[in-house]
Amino acid sequence: MPSLLLSLLLLCLCPTAHSARCPKPCVCDQIRLTVACANKNLTQVPPAIDEITVKLDLRSNDIQELPTGAFKHTPYLTHLSLQRSNVRRVREGAFRGLGRLVFLNLANNNIDILYQESFDGLSSLKQLMLDRNRIEEIQPGAFSQLGLLNLLSLTHNQLVYLPNMVFQGLQNIKLLRLSHNALNYLDTEAFAGLFSLTRLSLDHNELQFFPTDTMTRLSEVTRLELSHNPMTYLGEESVSMAKLTHLFLDHMSLQDMSHSAVSKCPSLVHLDLSHNQLRVLQPLSPGTPSLARVSLAGNPIYCNCYLRSLREWAVGRKVRLLGSCGGPAHLSGEPLDNMTPSELRCQSHDAMLKAEYEEATRNTPPPAPPTDTHIKCPDNCVCQAETQHSTCENRGLSKIPRGFDPGSRLLDLRGNNFHYVPSGSFPGVSQAVSLHLQRCHIVDVEDGAFSGMRGLVYLYLSQNQLSSLSPDAFKGLPQLTYLHLEQNRFSLVPAGAFRLLPGLLALHLENNSISALGAGALSGADSLRSLYLSGNSIQHVAPGALEPTPDLDTLHLGANQLKEVPTDALSAVGGLRELRLTGNPILWVGPQAFRPVQRTLKELYLNNMGLERMSPDSLSGLAPGLRSLFLEGNLLEEVPDFRSFRSLEVINLAENPLMCDCPLLALRMWIEKVNLRVRATCANPPEVRGRWVKDVHTFHSCPGGESLPPAPPTTTQSPRPPKATKPKPTHLNRKRQAKMPPTKTRTKTKTRTGPRDVKKAV
Ligand SMILES: *[C@@H]1O[C@H](CO)[C@@H](O)[C@H](O)[C@H]1NC(C)=O
Ligand SMILES: *[C@@H]1O[C@H](CO)[C@@H](O)[C@H](O)[C@H]1NC(C)=O
């Protein structure tokens, strides 16, 4: 604090001294100590921000990655806005040093994983906004340092599952928002440790059952939103939450509800059951003395004698029933609160019997979950009650074991000798989320092999001997999202097998022997986002092959036998973000090769292909958006002009026999300007062989090259100081040049480099 005061004092005395610390495109307010850099196309956190800044606005920029210690020069920040800035990755320790930060907004970015120490050091943080990212994984301990956090908002992400202890450390959390994800399973201890949580929103997810055990841990929650989840039934004492006052169960698919479903909620005031499929409701059993309102609007409530007891209960207990009758015709639309018990009649004895019969056939509640702590487990396997994981890995089994606990979540059967998967192999495990069948010598999957696994999200069939799949092999897997078929023996994409998988997002078919991708191969895989086909022998992609998968954003076609970029096929996937063609024998890339995906493509892998030439227009259209371009390990002497590629953050030109002469001037000029590690070395002319393009001064004499700065001293930073040997003759054959010792590069390095690094590296 004293140093802050001192700084403030100095600031007031000599403001001019500080104006120098305002980074160029930003607007700085020296009185309020704010720095506003919204909408400035910044690609990194500006380095020259005044140390005493308290509010920093970096909204709507293009900051792809927040490196460790990104804000270490502004330790007094209390508010940091980073929404809509294309952030993809928050490195461990990115916010380290921001011990005073109270508010952090990272919404509307592209973050997919929260790493263990992503929020390290934010010991004063009160509010953290992470809405509208692509988060699908939260690593354990991600929030462990946020002991003062009040509000955590994670809405509109791609969470499927919440593991135990995922929110550990949030000792002061009051509000947790998880709406609009794809959550279908919450581990029992998912909310462990949230002793101060009062409001939880889980609406718009995929929960099929009320997660009783998980919720019971939330002793202080008063308001719980579960609207828009696909639950059909609410069983006895499902909701057991002592302080709950408001419970929202509207817009679900409830067909029935036990009369004691909320009897363990003594504080409940408001119960919203609107917009479900309820035709009748029993009086809620005692145990809810404070209940004042039950909303039944938008249900097909049938106002006959069966509703009488509910109405009597409501009158006697002074509970308001909101909503109106859905039938019979003469009462339809009448408000429930207006009904007198005597109006609620069943016309005749026959009609009553009929109604009773219908009632009975409609309301067969699902079996109650087992209450003992022992769980069922096949012989020879190990089953953990706490995690509901069952493993029979490497047991030499020749038949798929039966007798797993009905509550099993994960079945691990890899490394056995099943040879085939008969139909109905997994009865009674409808709650399993993940099934591992790798390395089981499987040659065939029978129709309906997995039927009944209604909750299965991940299916691993990798490293088997499958060469085909029947169209009904995946029958009865409505939730399947990730399918692994890599390292099998497919010589064709198993056409038709995906029709029964409406939710399939990722399909792995790497390392098979698929030789072509024909039209119709992917039919039915309508929602596919990621398709992995590397390591096959694909020679041809039919122009219509990708038409069934319009939402594809990732396509891996590396290590195949393609001789050209499959431009026509790409026209069906206008949202593609990542394309890998690494290791195909493509020698030439023609004009406009990526035109169909030019608006969206962010990462392009054209490395190690033997590429000899690229048309100057080969990448045209990609300039505004492309972030990563991999061209290393080719035979290029020249490259296209990158000067308009303003979004590039990774480019690799290593191991190409570049000809450092006037045609390469555009590259040389570009390198001069960008803050990127370009990794380009000259192969020719012989006197500059092996030197960084940046360090070569042959360009000085080219027309237009006069403005280049004088060449740096030749011996300092080149990767291989030129040896004092005779120059090699210019007619060196190409192949030999291409085999120059590779410069040490890490293809996948996505670390940003500051301007200072560039001077050394390029
Ligand atoms: C940011 O980039 C866009 C598109 O490249 C451009 O239209 C806009 O003027 C730039 N904004 C600023 C502030 O430089
Ligand atoms: C495919 O095979 C390659 C080469 O053996 C290996 O590096 C890669 O990890 C494999 N990928 C998959 C998904 O099996």
Side-chain angles (χ1 to χ4, degrees), residues 112-113 136-137 393-394 410 412-416 418 421 434-443 445 456-469 473-474 480-494 497-498 501 504-517 521-522 525 528-541 545-546 549 552-562 566 576-586 603-610 628 630 632-634 652 654-655 742 744-750:
D112 54 1
I113 301 180
E136 50 186 76
E137 185 182 342
E393 186 184 349
N394 294 331
L410 181 144
D412 189 349
L413 297 167
R414 71 187 101 178
N416 286 292
F418 300 136
V421 189
S434 186
L435 173 60
H436 291 259
L437 285 167
Q438 300 96 315
R439 294 184 283 104
C440 285
H441 304 279
I442 296 170
V443 293
V445 174
L456 201 69
V457 175
Y458 305 91
L459 174 57
Y460 297 87
L461 282 163
S462 353
Q463 296 177 273
N464 281 294
Q465 288 143 34
L466 292 166
S467 55
S468 64
L469 280 171
F474 299 130
L480 197 72
T481 311
Y482 304 93
L483 175 59
H484 286 261
L485 292 168
E486 64 268 26
Q487 294 193 50
N488 274 281
R489 296 190 179 163
F490 292 104
S491 55
L492 289 169
V493 174
F498 314 117
L501 303 177
L504 192 66
L505 291 186
L507 174 59
H508 288 265
L509 278 163
E510 297 98 323
N511 297 345
N512 279 282
S513 22
I514 298 169
S515 58
L517 197 59
L522 295 165
L528 206 63
R529 298 277 184 76
S530 311
L531 176 59
Y532 303 96
L533 282 164
S534 297
N536 282 283
S537 42
I538 299 173
Q539 297 177 6
H540 180 64
V541 180
L546 302 174
T549 59
L552 210 62
D553 69 26
T554 302
L555 176 60
H556 288 195
L557 282 167
N560 275 291
Q561 295 301 323
L562 294 170
L576 201 70
R577 297 170 63 90
E578 177 179 330
L579 176 62
R580 294 198 189 207
L581 291 166
T582 307
N584 280 281
I586 298 175
E603 313 216 356
L604 179 58
Y605 290 75
L606 296 172
N607 52 311
N608 301 91
M609 304 203 304
S628 310
F630 299 91
E632 70 274 18
N634 282 307
N652 195 342
E655 296 163 63
K744 262 267 184 251
T745 53
R746 282 175 50 212
T747 348
K748 292 220 176 137
T749 303
K750 295 194 179 172

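Order of appearance sets the numbers: ligands from 1, and atoms from 1 within every ligand. The first residue in the sequence is number 1, and the count goes up from there.
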From CA spacing to verdict: side-chain contact (heavy atoms from CB on, under 4.5 Å), Leu531, Thr549 = CA-CA 9 Å; Leu531 176 59; Thr549 59; 5.7 Å; no
Distance-only donor-acceptor hits, side chain of residues 552-559, under 3.5 Å, sequence neighbours excluded:
| from | atom 1 | to | atom 2 | distance (Å) |
| --- | --- | --- | --- | --- |
| His556 | NE2 | Glu578 | OE2 | 2.7 |
| His556 | NE2 | Arg580 | NE | 3.2 |

Under 3.5 Å, is there a donor-acceptor pair between the side chain of Asn536 and the main chain of Ile538?
-> no
Taking all atoms of both residues into account, what is the closest heavy-atom pair of Asn464 and Leu437, and its distance?
-> ND2-O, 2.9 Å
Interatomic distance, NE2@His436 vs OH@Tyr460, rounded to 0.5 Å, equals 5.0 Å
Short side-chain to backbone donor-acceptor contact, Asn512 and Asn488, under 3.5 Å = yes
When you check ligand 2 against the protein, what N or O pairs turn up below 3.5 Å? List the atom names and distances, or just say none.
| from | atom 1 | to | atom 2 | distance (Å) |
| --- | --- | --- | --- | --- |
| ligand 2 | 2 (O) | Asn511 | OD1 | 3.2 |
| ligand 2 | 2 (O) | Asn511 | ND2 | 2.2 |
| ligand 2 | 11 (N) | Asn511 | ND2 | 3.0 |
| ligand 2 | 14 (O) | Gln487 | NE2 | 3.0 |
| ligand 2 | 14 (O) | Asn511 | ND2 | 3.1 |

